[in-house]
Amino acid sequence: MIKFIGANKSFNNRLVLKNINLEIAKGEVIVICGPSGAGKSTLLRTINKLEPIDDGEIIVDGMYLSDPKTDLTALRAEIGMVFQHFNLYPHKTAIKNITLAPRKVRGLSRKEATERAEKLLEKVGLLHRRDAYPVQLSGGEQQRVAIARSLAMEPKIMLFDEPTSALDPELINEVLDVMVSLAKEGMTMVVVTHEIGFAQKVADRVVFMDNGEILEIGAPPDIFVNPRHPRTKEFMSSVFHIPVFNVNQEEDQDF
Amino acid sequence: MMITGVKVTLILLAATTVTSLVLGTVIAIMRISRIKILRVLGTLYVEIFRNIPGLFWILFFYFVFPDLLPWGLGVKLNSYLYYPIVAGILGLTVDNASYVSDILRSGRLAIPHGQREAAISTGLSRVQQYLHVLLPQMFRITLPPLGTRMVHNFKNTSLCMAIAAPELTWATQNIESLTFRGIEATTIATLFYIFLAGIMVSMIILLEKWWKIDVSSISHSKA
């Protein structure tokens, strides 16, 4: 479904993606984790070419992103994206946020688009908020509307860029629940997140990145519990608040 | 004469409000375009028309512009009874549009990056991004300065007296010189200007209330 072949990208002479090779199958749920600045979001954003890569190739659903003949607008319509800051259109109600693209891009009538949107709102548990403006919604509600907005295009792939990082802890689960059910329906998902619990529950594979490189790919237990790469070990132990026992160091480390 | 003055002022106001908004929007889009030549042309437009007084442009369209046209057309324009009004509309439009475009551009800069990314990632084309996502927010964000600018443009209609477009200020002056009843005429004109500006301002305030959606808080809203 998605294939990275030797993808490189740099910002201001600094390599942010180094020789990325990754193949993601249809229906697979991939979680990308790693420290900030590792290039996780950049990697995600190259999939719908919000960020172009400098060299290498990315093939999405059989289309080559570097090919100038590829219809990017059409491709993007097939790839849903959910952002850290939701990015709902503030001047439109929840339902109008959802119906915009299906009507304009897919050519659905107002009635068809509204019916589809209502179904999706019901699915994310927000049908009663259909006429609310984004500012009247909580963060968790906004994010669920944003997910519904992406799903309204009936995408083949869903990208999640830290979808719960801007949320109050109490609101995280309502968003994760929607994502879990989506994963169970067989959606191809690429998720950048720090939610280890979510990853353990639904991820088929976890990709660990640091410094623009993929250091390790594996099933969730392999990455979280038995990481092989020293950098992954270090990261996981700090995530799980486990002190690193380093034979070369004599004293106990604070954590 | 006073009635004609009011009518002409209203015509100037209505026409230039519409034309300068349209032209200003086009120039604003040019200035934020990714095509360099459009950006350069847009910037050139703003720098030329904003940095030369509006009165100059009114005089320009009245006295100079017809001479630049092919001979027959220029003569036709000069002998056209309502040409002062047309020249006034042109002059006010190009002047006001330069401000409008810069105000709208500032609105575009205030829209968080994520808005366009969201629009892109749902497959909206560039035109659709503008029509449904960017422009509506640009107008909402810039409504207060845009409204002020439009009131300013309304007052600028009085500059058209310089080319004898029979608008309100011209009529007031004319009544003064013909009948010496300057105080009465000026008083009426003053009241009218205040009244109409008042209506404009109330419309803008109503629109602000109507649009009372806190655009600026979108992407960094509370979780």
Side-chain angles (χ1 to χ4, degrees), chain A residues 45 47-51 71-93 96-98 100-106 133-143 146 149-153 155 158-159 161 164-172 175, chain B residues 21 25 28-29 33-35 103-104 106-147 204 206-223:
Chain A
R45 292 156 59 88
I47 296 173
N48 62 357
K49 215 176 179 181
L50 276 182
E51 305 279 0
D71 184 353
L72 274 180
T73 314
L75 180 67
R76 283 168 178 155
E78 306 293 334
I79 306 175
M81 186 156 195
V82 175
F83 302 88
Q84 183 177 3
H85 293 292
F86 334 128
N87 300 346
L88 290 180
Y89 309 131
H91 59 294
K92 289 182 183 292
T93 56
K96 290 271 167 63
N97 261 281
I98 301 172
L100 176 65
R103 289 183 61 198
K104 302 300 167 188
V105 181
R106 297 273 194 243
Y133 283 94
V135 279
Q136 299 164 326
L137 299 170
S138 74
E141 289 174 328
Q142 288 190 53
Q143 193 62 297
R149 176 174 68 179
S150 293
L151 291 176
M153 292 298 285
M158 283 288 285
L159 309 176
D161 190 359
T164 56
S165 304
L167 297 177
D168 280 350
E170 282 183 304
L171 303 176
I172 288 176
V175 172
Chain B
L21 271 178
T25 307
I29 291 174
S33 156
R34 53 181 180 163
I35 302 162
I103 291 170
L104 285 176
S106 74
R108 172 66 186 91
L109 297 179
I111 300 176
H113 217 58
Q115 288 292 310
R116 227 192 113 231
E117 288 181 348
I120 291 174
S121 67
T122 49
L124 294 179
S125 69
R126 292 187 80 80
V127 175
Q128 290 169 334
Q129 290 164 29
Y130 268 104
L131 283 181
H132 304 293
V133 178
L134 298 177
L135 282 174
Q137 294 188 51
M138 281 157 68
F139 281 106
R140 281 167 169 78
I141 291 171
T142 60
L143 188 62
L146 204 56
I204 293 160
L206 276 180
L207 201 57
E208 271 181 50
K209 289 225 171 97
W210 173 258
W211 276 349
K212 195 68 198 162
I213 301 137
D214 195 355
V215 176
S216 57
S217 70
I218 350 145
S219 105
H220 307 291
S221 52
K222 69 236 173 285

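Sequence lines set the chain letters: A, B, ... in the order given, protein chains first and strands last, and positions in each chain run from 1.
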**OP:** Output all residues satisfying side chain to side chain contact (heavy atoms under 4.5 Å, CB included) with A:Arg45, sequence neighbours left out; order by chain, then residue number.
**Re:**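 So A:Arg45 forms a side chain to side chain contact (heavy atoms under 4.5 Å, CB included) with A:Ser41, A:Leu50, A:Glu51, A:Met81, A:Asp161, B:Glu117.
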
**OP:** Applying side chain to side chain contact (heavy atoms under 4.5 Å, CB included), name anything that partners B:Ile35, two or more places apart in sequence or on another chain.
**Re:**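 Side chain to side chain contact (heavy atoms under 4.5 Å, CB included) list for B:Ile35, sorted by chain: B:Ser33, B:Ile37, B:Leu38.
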
**OP:** Quick one: pull up OG1 in B:Thr122 and CZ in A:Arg149 and give me the separation to the nearest 0.5 Å.
**Re:**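 Atom-to-atom, B:Thr122:OG1 and A:Arg149:CZ are 6.5 Å apart.
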
**OP:** Kindly check if the number of other-residue, nucleotide or ligand heavy atoms within 6.0 Å of NZ (A:Lys96) is above 12?
**Re:**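 No, NZ of A:Lys96 has 12 or fewer neighbouring heavy atoms, counting only those of other groups under 6.0 Å.
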
Original post:
If you count heavy-atom pairs under 4.5 Å between each of A:Ser150, A:Ala77, A:Pro155 and chain B, which one has the most?
Top reply: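 If we count pairs closer than 4.5 Å to chain B, A:Ala77 comes out on top.
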
**OP:** Name the option with the most non-hydrogen atom pairs under 4.5 Å to chain B; the candidates are A:Leu100, A:Asn48, A:Ile79, A:Leu72.
**Re:**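 Among the listed options, the one with the most contacts to chain B is A:Leu100.
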
Original post:
Should A:Tyr89 and B:Pro136 count as side-chain neighbours, where that means a heavy-atom distance under 4.5 Å?
Top reply: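 No, every pair of side-chain atoms sits at 4.5 Å or beyond.
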
**OP:** Side-chain contact test, heavy atoms from C-beta onward, threshold under 4.5 Å: evaluate it for B:Gln128 versus A:Val105 and give yes or no.
**Re:**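 The answer is yes; the side chains approach within 4.5 Å.
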
Original post:
Which heavy-atom pair separates A:Leu88 from B:Gln115 by the least distance, and what is that distance?
Top reply: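 Closest approach of A:Leu88 to B:Gln115, heavy atoms only: O-NE2, 2.8 Å.
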
Subject >> B:His132 backbone acceptor or donor facing A:His91 side chain under 3.5 Å >> reply: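 Flag set: sc A:His91 to bb B:His132 pair under 3.5 Å.
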
